[in-house]
Amino acid sequence: MAQADMLDVSNVEVHYDGAIVALQGVTFTVARNGLVALLGPNGAGKTTLMKAVAGMLPFELGEVVQGNVAFEGASLNGVHPANIARRGVALVQDGRQCFRNLTIAENLRAASFLARTGAAERLEMVFSYFPVLREMQQRPAGFLSGGQLQMLVIAMALMGNPKLLLLDEPSLGLSPVMVQAVFDVVERMHRELGMTVVVAEQTVPRLLKVATDVYVLSRGRVVMHAPPGEADEEALQRVYLS
Ligand SMILES: Nc1ncnc2c1ncn2[C@@H]1O[C@H](COP(=O)(O)OP(=O)(O)O)[C@@H](O)[C@H]1O
Ligand SMILES: [Mg+2]
């Protein structure tokens with residue numbers, strides 16, 4: 001493992017229900033301060049990989065049967081997801097889960113349970129990146145649009161003061177304008193705060209332009225690992241169509 005690597009997934013195999021092979025021989029590293037694109041069509045294994053890192057597979061009868069996941073040099077295999085979160089890994093799952101009948105402010109406060117100290121400063125930081133959440137903070141989260149909800153769940157992850165932010169298909173179901181707005185903020189946080197981020201998407205051309213590293217999964221395997229310059233849309237098309 002290179003000194004600068006924050007996350008080191010090596011040769012990981014994941015099964016569901018003891019039989020379905022969802023990942024095979026997957027090696028995936030994330031450098032500190034990286035913005036890594038994890039691309040692949042539906043069913044490729046993007047969510048499984050993120051859940052393997054966050055320790056969430058046991059909830060779905062999934063299991064890492066081979067290989068190792070290490071964060072900051074320490075293995076995460078068998079570590080409870082709450083402890084993985086405490087070590088600094090935040091997974092923003094698809095589906096935009098939050099308390100829809102609680103206000104935005106209440107959701108953000110609830111999300112700071114992982115890191116109480118500095119919560120007030122972090123709330124300020126979050127509001128500066130997502131002004132719409134400040135404006136609407138007394139509204140129930142259920143009032144938000146899909147894009148605003150996506151911003152809220154990212155903001156909630158930030159309230160836990162993570163070192164590594166994993167975003168699972170943040171653009172799913174959003175209008176192009178909203179995708180743009182969400183990616184603007186992710187990119188700014190990466191640039192200005194040095195936040196280490198992994199973004200799983202099927203295809204987002206914008207992501208290819210800003211990523212520091214690109215991985216492409218297909219049928220549970222890494223079929224491409226390239227610097228962003230080499231992972232252009234044409235190369236991706238070839239992978240997706242093969
Ligand atoms: N809870 C589960 N139980 C059984 N199989 C699953 C489960 N979740 C995902 N899979 C299977 O694992 C493979 C990878 O899925 P997933 O990680 O969700 O891919 P992606 O996020 O790239 O769409 C697929 O074949 C999918 O059907
Ligand atoms: Mg998925």
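Note that ligands are numbered from 1 as they come in the structure, with each ligand's atoms numbered from 1 the same way.
Between the Asn77 side chain and the Val69 main chain, a donor and an acceptor come within less than 3.5 Å of each other. In terms of modelled atom types and a separation under 3.5 Å, the side chain of Glu230 and the main chain of Pro227 share no donor-acceptor contact. Panel note: side chain Asn107, backbone Phe99; a donor-acceptor pair is recorded below 3.5 Å.
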- request: Walk me through it: do Glu60 and Lys51 pass the test salt bridge (Lys or Arg N to Asp or Glu O under 4.0 Å)?
  value: CA-CA 10 Å; Glu60 310 201 22; Lys51 286 185 173 170; 2.2 Å; yes

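Within 6.0 Å of the CD atom in Glu234, the count of heavy atoms belonging to other residues, nucleotides or ligands does not exceed 12.
Side-chain contact, Asn68 with Asn11: no donor N or O sits under 3.5 Å from an acceptor N or O.
Under 4.0 Å from any atom of ligand 1, one finds heavy atoms of residues Tyr16, Ile20, Ala22, Pro41, Asn42, Gly43, Ala44, Gly45, Lys46, Thr47, Thr48, Glu60.
Among pairs with a residue in residues 187-233, those fulfilling ring pair (Phe, Tyr, Trp, His ring centres under 6.0 Å) read Phe28-Tyr215, Tyr215-His225, at least two apart in sequence or across chains. Applying the side-chain hydrogen bond (donor to acceptor under 3.5 Å, both in side chains) test to pairs two or more places apart or on separate chains, none has a residue in residues 34-44.
With respect to Glu169 and Arg96, no salt bridge is recorded, no charged nitrogen being found less than 4.0 Å from a carboxylate O.
Excluding water, every protein N/O/S atom under 2.8 Å from the Mg ion (ligand 2) is given here by residue and atom: Thr47 OG1.
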